[in-house]
Chemist: 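One structure follows; several queries about it will come next.
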Amino acid sequence: MSEPMKIKLDRTMCDGFGICARHAPEYFSLDDWGYASLIGDGSVREADRDAVMRALMDCPVHAIIELGEHGPLGQPAPGAASEEAIEPHLNSEHSEAISEFVR
């Protein structure tokens, strides 16, 4: 059995498209202006996982976020295995970039 899915809705990002409420009306309601609200605490039942994932994937402004260590479709999030991201060493010695902005 997979880990229970948990989501959150960033209402500051919502533009009122209403796609989430169309895909998963048990989890998203729309106010008088069409902006979404999350119904409940964000816990998603296994039976509703596909509908909620469709709402997450189809949100044009990415206002729905899956919480936890797993990314979309239960795949490990990039870099989840390493404890700290490795920063590349950039050598600017031989760079052809212009250092000043000229108009």
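None of these values were measured; they are calculated from a predicted model.
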Chemist: Check side-chain hydrogen bond (donor to acceptor under 3.5 Å, both in side chains) between Asp58 and all other residues, then give those that pass, not counting sequence neighbours.
Modeler: His23, Arg54
Chemist: Please list all pairs passing the salt bridge (charged side-chain N to carboxylate O under 4.0 Å, His left out) test where one or both residues lie in residues 34-44, with sequence neighbours left out.
Modeler: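 Of all non-adjacent pairs touching residues 34-44, those that pass salt bridge (charged side-chain N to carboxylate O under 4.0 Å, His left out) are Lys6-Asp41.
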Chemist: To the nearest 0.5 angstrom, please state how far the SG atom of Cys14 sits from the CG atom of Leu38.
Modeler: 11.5 Å
Chemist: Return the minimal non-hydrogen interatomic distance between Ile64 and Ala55, and the atom names on each side.
Modeler: CD1-O, 3.6 Å
Chemist: Is there any side-chain hydrogen bond (donor to acceptor under 3.5 Å, both in side chains) pair reaching into residues 29-40, and which pairs are they, with sequence neighbours excluded?
Modeler: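 For residues 29-40, and leaving out neighbouring residues, the side-chain hydrogen bond (donor to acceptor under 3.5 Å, both in side chains) pairs sorted by first residue read Arg11-Ser37.
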Chemist: Please report the interatomic distance CD(Glu26) to CZ(Arg45), rounded to the nearest 0.5 Å.
Modeler: 6.5 Å
Chemist: My understanding is that only residues two or more places apart in sequence, or in another chain, count here; which of them pass side-chain contact (heavy atoms from CB on, under 4.5 Å) with Asp15?
Modeler: Phe17, Val61
Chemist: Hey, any chance Met13 and Leu56 share a hydrophobic cluster, counting ILVMFWY side chains that come within less than 4.5 Å of each other, even indirectly?
Modeler: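 In one cluster: no.
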Chemist: Quick check: closest heavy atoms across Ala21 and Leu30, and the distance to 0.1 Å?
Modeler: CB-CG, 3.7 Å
Chemist: With rounding to the nearest 0.5 angstrom, report the OG to CG distance, Ser43 to Asp48.
Modeler: 11.5 Å
Chemist: Grouping I, L, V, M, F, W and Y whenever their side-chain heavy atoms are under 4.5 Å apart, do Leu9 and Met57 come out in a common cluster?
Modeler: yes
Chemist: With sequence neighbours left out, what residues match Asp10 under salt bridge (charged side-chain N to carboxylate O under 4.0 Å, His left out)?
Modeler: none
Chemist: Could I get the full list of side-chain hydrogen bond (donor to acceptor under 3.5 Å, both in side chains) partners for Arg22, not counting sequence neighbours?
Modeler: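 Applying side-chain hydrogen bond (donor to acceptor under 3.5 Å, both in side chains) to Arg22 gives none.
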